[in-house]
Amino acid sequence: MSTRLSIFPLPGAVLFPGLQLPLHIFEPRYRSLIGDSLVRDRKIAMIQPQEAIEGSPLFSVGCVGHIGEIEAMDDGRYNLILEGKSRFRLIRELDVATPFRQVEGEMIDDDENETLSYAQRGGFEIEARKFADRQGYSVDWDSVERLDDQSLINGVSQIAPFDSASKQALLEAENLSARCELLVQLMQFFGRRDGGEEIMTLQ
């Protein structure tokens, strides 16, 4: 079943179900978006534009988020935490009079109870440790090991230092297992470069 969604098309910002995304809202049209959302259902949809230009076509999958914590400043800006609820598939963009863009989307019914096999989870953690070492990241691995599979794979997918196209591919992955496999491939790909080289992308 399709639904109307008010969108925040932000390049490089990808939200996954179950995760949080901090946002600073300052543009008038997006302040209007937040104000409209607050008097309705506190939901906005994050989706990446295909290019960082005004009115760019959108990618095919985004994520609906619920506004949790919010701070309204005297000058009209907002600081907020958006909580990821459900992926959606873009059907079409709507012709609207609002300053913010709206689309028709169809919710994607992800399996919230999906888990990885022991071998897949173990293989991912090994590759993640290699990637973190190559990048010079300091990671609390004891805390990582306590995360459930969904929080681990979606969390790394959201914060990993990959290009926009790679993050979009992770968001569009069919299920958790496929996302994990792609994440391993991306860590291997991006981890090959030496520190002095340009970052490679998949675009």
Side-chain angles (χ1 to χ4, degrees), residues 2-108 110 112 135 137-140 143-144 147 150-168 170-172 199:
S2 65
T3 185
R4 176 187 289 251
L5 299 168
S6 299
I7 64 166
F8 188 5
L10 187 61
V14 177
L15 176 65
F16 284 80
L19 297 181
Q20 296 182 332
L21 182 67
L23 293 172
H24 175 64
I25 309 295
F26 58 91
E27 284 190 53
R29 58 183 158 174
Y30 297 126
R31 283 155 43 182
S32 176
L33 167 66
I34 299 304
D36 178 74
S37 172
L38 290 175
V39 299
R40 290 188 300 106
D41 54 9
R42 296 179 72 94
K43 291 181 180 178
I44 62 173
M46 300 296 300
I47 188 167
Q48 289 197 106
Q50 294 182 23
E51 296 180 78
I53 57 174
E54 182 68 27
S56 169
L58 304 165
F59 278 108
S60 60
V61 173
C63 183
V64 175
H66 179 269
I67 297 173
E69 297 178 29
I70 185 165
E71 175 191 12
M73 286 170 270
D74 292 339
D75 60 3
R77 292 177 298 148
Y78 294 99
N79 287 322
L80 60 88
I81 302 295
L82 196 63
E83 303 166 349
K85 293 301 180 185
S86 174
R87 293 192 302 155
F88 71 92
R89 194 173 309 281
L90 177 69
I91 297 175
R92 65 188 178 97
E93 183 158 0
L94 302 173
D95 184 12
V96 294
T98 54
F100 49 86
R101 298 166 71 178
Q102 297 183 50
V103 301
E104 181 183 357
E106 182 179 27
M107 295 301 115
I108 297 173
D110 287 316
E112 297 178 358
Q135 300 297 317
Y137 296 148
S138 177
V139 178
D140 181 354
S143 294
V144 169
L147 291 173
Q150 298 262 356
S151 298
L152 175 62
I153 299 304
N154 289 345
V156 174
S157 296
Q158 183 166 307
I159 67 172
F162 303 146
D163 62 274
S164 298
S166 299
K167 288 200 167 192
Q168 185 64 34
L170 288 165
L171 184 65
E172 294 181 10
I199 287 183

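When reading the values below, keep in mind they use all heavy atoms of this one structure, side chains included, and skip hydrogens, waters and symmetry mates.
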Could you list all the salt bridge (Lys or Arg N to Asp or Glu O under 4.0 Å) pairs where at least one residue sits in residues 7-17, not counting sequence neighbours?
-> none
Can you list every salt bridge (Lys or Arg N to Asp or Glu O under 4.0 Å) pair that touches residues 79-90, not counting sequence neighbours?
-> Arg87-Asp110
Excluding sequence neighbours, so at least two apart, what forms salt bridge (Lys or Arg N to Asp or Glu O under 4.0 Å) with Asp41?
-> none
Sorted by chain and residue number, the salt bridge (Lys or Arg N to Asp or Glu O under 4.0 Å) partners of Glu93 (sequence neighbours excluded) come out as Arg101
Side-chain donor-acceptor pairs of residues 21-28 under 3.5 Å, sequence neighbours excluded:
{"from": "His24", "atom 1": "ND1", "to": "Asn79", "atom 2": "OD1", "distance (Å)": "2.7"}
{"from": "His24", "atom 1": "NE2", "to": "Arg77", "atom 2": "NH1", "distance (Å)": "3.4"}
{"from": "Glu27", "atom 1": "OE1", "to": "Arg29", "atom 2": "NE", "distance (Å)": "3.0"}
{"from": "Glu27", "atom 1": "OE1", "to": "Arg29", "atom 2": "NH2", "distance (Å)": "3.1"}

Can you sort out the partners of [X] under side chain to side chain contact (heavy atoms under 4.5 Å, CB included), two or more places apart, ordered by chain and number?
X	result
Val144	Val139, Trp141, Leu152
Ser138	none
Ser32	Pro99, Phe100
Asp95	none

Would you give me the side-chain donor-acceptor pairs under 3.5 Å for residues 2-13, sequence neighbours excluded?
{"from": "Ser2", "atom 1": "OG", "to": "Glu104", "atom 2": "OE2", "distance (Å)": "2.8"}
{"from": "Arg4", "atom 1": "NH1", "to": "Gln102", "atom 2": "OE1", "distance (Å)": "3.1"}

Could you list the residues that satisfy side chain to side chain donor-acceptor pair (under 3.5 Å) with Asp140, not counting sequence neighbours?
-> Ser143
Pairs satisfying ring-ring contact (aromatic ring centres under 6.0 Å, His included), at least one member in residues 53-91, at least two apart | none
